[in-house]
Protein chains: 4
Amino acid sequence: MATSGRTDPASPEELERIWALVRNWGRWGADDERGALNFLSAERCARAASLVRDGLHLSLAHDLPVRPSPESPYPAHHHMLAGGDARDASGIPGYEASSDYVGTPVHGLGITHIDALCHMFVRGEMYNGVPASEVRSNGARRNSILALEAGIVGRGVLLDVPAALGVDFLGPAEAIGVEDLEAAERAQGVRVEPGDLLIVSTGRDARRRAAGGSLDPFREGLAGLDPRCLPWLREREIAVLGGDGISDRMPARTTPGWPFPIHQIGITGIGLHLIDNLSLTALLAACAQRRRYAFLCAVAPLRIPGGTGCPVNPVAIL
Amino acid sequence: MATSGRTDPASPEELERIWALVRNWGRWGADDERGALNFLSAERCARAASLVRDGLHLSLAHDLPVRPSPESPYPAHHHMLAGGDARDASGIPGYEASSDYVGTPVHGLGITHIDALCHMFVRGEMYNGVPASEVRSNGARRNSILALEAGIVGRGVLLDVPAALGVDFLGPAEAIGVEDLEAAERAQGVRVEPGDLLIVSTGRDARRRAAGGSLDPFREGLAGLDPRCLPWLREREIAVLGGDGISDRMPARTTPGWPFPIHQIGITGIGLHLIDNLSLTALLAACAQRRRYAFLCAVAPLRIPGGTGCPVNPVAIL
Amino acid sequence: MATSGRTDPASPEELERIWALVRNWGRWGADDERGALNFLSAERCARAASLVRDGLHLSLAHDLPVRPSPESPYPAHHHMLAGGDARDASGIPGYEASSDYVGTPVHGLGITHIDALCHMFVRGEMYNGVPASEVRSNGARRNSILALEAGIVGRGVLLDVPAALGVDFLGPAEAIGVEDLEAAERAQGVRVEPGDLLIVSTGRDARRRAAGGSLDPFREGLAGLDPRCLPWLREREIAVLGGDGISDRMPARTTPGWPFPIHQIGITGIGLHLIDNLSLTALLAACAQRRRYAFLCAVAPLRIPGGTGCPVNPVAIL
Amino acid sequence: MATSGRTDPASPEELERIWALVRNWGRWGADDERGALNFLSAERCARAASLVRDGLHLSLAHDLPVRPSPESPYPAHHHMLAGGDARDASGIPGYEASSDYVGTPVHGLGITHIDALCHMFVRGEMYNGVPASEVRSNGARRNSILALEAGIVGRGVLLDVPAALGVDFLGPAEAIGVEDLEAAERAQGVRVEPGDLLIVSTGRDARRRAAGGSLDPFREGLAGLDPRCLPWLREREIAVLGGDGISDRMPARTTPGWPFPIHQIGITGIGLHLIDNLSLTALLAACAQRRRYAFLCAVAPLRIPGGTGCPVNPVAIL
């Protein structure tokens with residue numbers, strides 16, 4: 001099961017070649033802001049709906065973290081505006097209501113979220129060659145999360161890499177190579193196809209449980225994909241890439257200038273929307289039980305004008 | 001097309017009778033927090049998935065309002081944390097990213113959101129007889145939005161009441177009666193069934209367009225359901241009620257003590273999760289074009305511990 | 001009492017001349033970030049302390065607005081984190097506490113606040129010629145509010161212009177000229193001196209009361225200083241300029257390119273920290289009663305790294 | 001230098017006696033919300049102003065923490081709304097401005113803040129016997145920070161306890177006894193008098209520096225006053241108590257039911273406003289240099305309706 005990715009980091013030259021190779025800029029027009037989502041046609045969406053058998057649906061998200069932890073040093077805020085003790089604060093007789101406020105930084109290692117294509121730049125440019133200056137201090141003017149306003153509904157495919165490798169979870173900073181992805185395909189009897197939402201498990205939830213309930217990804221690292229998977233991701237024409245980590249491994253300082261190559265090249269070059277920090281425990285169990293790893297998947301980010309991403313609660317329907 | 005609801009407000013005695021009649025407390029056990037969602041079985045979810053034909057999917061949400069307006073006096077906050085000019089602020093060579101923060105009050109007339117069952121009280125009690133004191137200043141301990149953690153996926157049915165009544169939109173504060181709902185069913189050739197997400201259009205979007213793009217619901221009012229629809233909603237065993245308004249009409253001071261009876265009795269008594277302020281323009285057109293008003297519908301609130309609701313982007317898949 | 005300022009707007013040429021004339025760039029060194037505050041020496045601060053007679057101290061701030069209004073379309077947020085009902089939420093026996101969160105946009109017409117020198121630019125430059133790009137999406141790197149970290153303590157001088165003109169308050173969009181300021185000096189027997197915190201009343205509080213408690217400055221306008229006062233403000237070597245409005249009059253579209261010349265030229269050119277939206281009712285009464293218009297004044301903005309200003313509660317000690 | 005406080009924790013019985021002994025409830029009327037601030041008369045304020053000599057003024061606050069740390073697990077938020085790149089976002093020709101948003105939890109170990117009298121309860125009651133239920137989920141209706149709307153201006157007295165004890169700083173969880181406070185008075189030639197803002201240094205800043213710049217008070221503890229100082233604090237009739245810690249020592253689990261007795265009894269019983277987490281480095285140096293430990297001190301919390309406290313930047317004027 002050893003992969004070159006786990007033993008031998010890609011060189012800057014290799015990453016430059018990959019960067020040049022996989023870029024989809026211009027492929028769907030100069031104004032395109034949907035990137036690889038273009039692979040997910042209505043027809044493929046309809047076909048994905050036909051995968052539903054029992055109607056079981058599962059959340060792929062963690063609870064929004066409202067307490068600081070090593071995974072969430074910047075937690076979300078959930079503030080009550082009126083609780084039961086102020087239920088009649090409106091002054092309207094009979095009107096008794098509670099209400100609250102929720103706020104959160106979008107991009108965090110403990111927050112299940114999707115990245116808009118404006119989230120990453122390579123040398124000052126985002127997807128489709130748009131200059132970084134289009135992401136202003138008052139919001140993104142191009143490649144914002146509004147490109148996903150209708151949500152993403154398509155075929156989700158889960159690859160359980162630890163299971164294919166015969167382990168409970170990958171170690172911190174381990175890299176998944178193409179051979180691992182294909183091993184999981186074979187083991188599971190499934191194939192990643194154009195337009196798919198590919199979801200890769202590194203076993204982070206199991207690793208957290210084994211560690212007593214808490215991880216510190218900034219100190220310990222996080223397993224992820226070797227950047228040499230990028231050409232494969234493009235060839236397979238996936239629409240979205242999700243994972244229980246951040247798809248990239250951490251720390252990923254192995255290749256100078258490319259600390260997070262899946263983010264850098266995947267988002268910026270391929271136009272891949274990434275979903276980070278999925279909670280896969282329930283989905284892994286449901287798929288294993290059914291020996292079925294393809295399902296209908298729906299992701300519906302809020303419509304945030306100028307947003308660089310959004311916390312989401314992706315749902316798998318089996 | 002005149003309905004009693006539009007001309008003759010329900011009396012307090014009628015509402016007391018309805019309140020006593022429709023209550024589902026205890027029906028699904030003393031600890032139940034899902035209310036009418038219990039009508040939406042996995043089997044019904046699976047059947048809803050089989051409704052998908054072309055794979056077109058549509059957002060039923062408005063953009064999150066980030067500027068104040070009469071519909072959103074308390075808008076959401078979208079704050080950039082790093083724009084293109086700070087893309088290299090991480091100090092990691094090569095890592096260029098933007099990021100942001102999003103926060104919002106949950107319950108607002110310009111915010112597409114779903115209400116948790118802890119959002120409303122009647123005389124100090126919420127759904128299933130839970131005391132209001134369980135919604136504390138640091139969050140709801142019962143009936144929170146976490147009851148919806150797996151999202152809602154089922155059969156959406158749109159009733160286009162203005163079309164059935166031959167108007168572009170209902171006037172402010174007009175009330176929809178049972179006969180209007182059934183007129184829409186007949187006109188559309190559809191029937192609201194157990195477990196459905198019932199979505200009622202009052203034509204608010206059209207009314208806003210006719211008004212030049214902006215409404216002031218606090219001054220002008222908002223069309224909604226007559227409270228005498230409540231027994232019908234319970235008999236039909238719908239799982240969720242959504243609308244382009246707030247399901248209740250405003251101002252609804254007609255019946256003393258029952259200013260928002262659909263919220264008060266629907267949420268608290270029946271255990272109905274309400275989805276408020278949907279944007280239905282695209283769905284109305286898509287349904288009319290296909291002469292098909294039932295579809296797969298997915299709603300996935302964020303998992304907010306203790307939350308009284310959540311902004312959502314419901315998606316219809318046709 | 002008519003002043004040229006009130007009848008005859010300054011021309012662009014005049015404002016260009018004023019802009020060139022009053023600039024203090026370089027005066028206190030190329031790295032200076034305190035601007036006109038340099039006029040307020042320790043000696044002058046000590047002398048101001050000697051003005052205190054009775055020890056009466058007064059707030060010059062409004063309550064932080066937590067509800068939207070025409071003056072505060074973007075109000076502050078005050079959110080409880082734990083009220084009396086959650087006073088024992090800590091889990092520490094005996095520890096019973098309440099706590100809360102407060103947040104606010106800094107610059108608003110209903111928020112008493114001080115502007116940092118990075119708040120305004122003229123043609124892409126701030127005070128002392130620092131380029132606008134130094135105010136990044138993650139904070140100001142120059143001319144931030146931290147230049148005021150030790151607070152401002154000095155001689156406050158109140159000029160009651162409406163009293164000097166024999167009116168209760170100035171009309172919306174009326175302009176105060178140099179002759180009005182000097183008329184107030186004469187009427188009050190006081191002279192604005194180097195290092196002073198000059199506070200100019202336009203009678204906004206009285207105007208609000210006369211209007212029934214609420215103003216709409218965006219529609220109705222706001223009285224302020226004629227830009228031809230700028231050379232006078234510089235000659236007098238004041239350290240800080242405060243007012244019950246925003247020192248500028250609104251709407252101030254009279255001179256193309258110079259919509260808010262006191263802000264534009266005062267902050268950027270002279271290096272004047274402006275304090276906007278003071279509440280002067282109590283101070284006006286206390287000064288009139290004592291026939292004394294000079295007092296000790298303390299302003300202590302929070303130390304916000306990278307901040308463009310801060311809400312404040314300035315205190316006058318008589 | 002050993003004090004009983006440092007070696008021998010107070011018993012629950014002792015604390016009950018102190019609690020009964022020091023209570024000021026009713027002393028200034030049943031509706032009083034200012035507590036010990038009543039000791040600070042206008043005359044005493046005026047006398048404090050006469051202490052000013054050189055006019056040097058110093059901040060006693062830390063920078064608002066905007067990054068998480070062990071001292072600030074819940075940091076403040078400073079979000080730009082418009083930076084230099086969006087300076088012309090207003091659409092008004094010539095108007096170029098930056099703006100931002102600042103928000104913060106009020107009570108935190110890394111945030112310099114003042115506690116309102118509604119911040120603490122003893123057995124469900126706050127200062128003056130007001131029930132805890134008056135602090136609702138939508139704000140405090142009694143004893144809020146608005147009691148301080150005019151700010152606090154008076155005589156500050158700094159007691160440098162470590163210097164009096166011949167050490168650089170107190171160890172974590174060390175307790176200061178009455179004899180230590182009086183030793184500092186003697187060593188410094190100063191006496192704490194009625195109406196004073198008493199500021200006690202435990203050397204926290206020096207301890208942080210010695211620890212390399214960072215402390216973890218939750219793990220390591222924090223020096224503070226022995227609760228047997230409470231009668232002394234009341235006898236001396238101080239108006240406000242401030243410190244570089246939280247006045248209480250941490251962990252303070254030594255006396256069951258009284259984990260933070262200075263907060264519990266000081267705020268609730270005596271009606272003392274506490275100022276926590278002062279930065280005293282500059283003040284300690286300035287006082288030592290001048291051999292003068294009394295000065296004018298101004299604290300001006302924002303006027304937050306219903307607030308339980310406020311971050312502040314207290315200023316000492318020497």
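Below, read A as the first sequence line, B as the second, and so on, with proteins coming before strands; counting in each chain starts at 1. Everything numeric here is computed off the predicted structure, so don't read it as measured data.
At a threshold of 4.5 Å between non-hydrogen side-chain atoms, the residues A/Pro73 and D/Pro68 count as touching.
Residues of residues 117-139 of chain D that come within less than 4.5 angstrom of chain A, heavy atom to heavy atom, are D/Val135, D/Arg136, D/Ser137, D/Asn138 in numerical order.
When the shell of 6.0 Å around CZ of A/Arg27 is examined, it contains more than 12 heavy atoms from other residues, nucleotides or ligands.
In this structure, no portion of D/His79 lies under 4.5 Å from any heavy atom of chain A.
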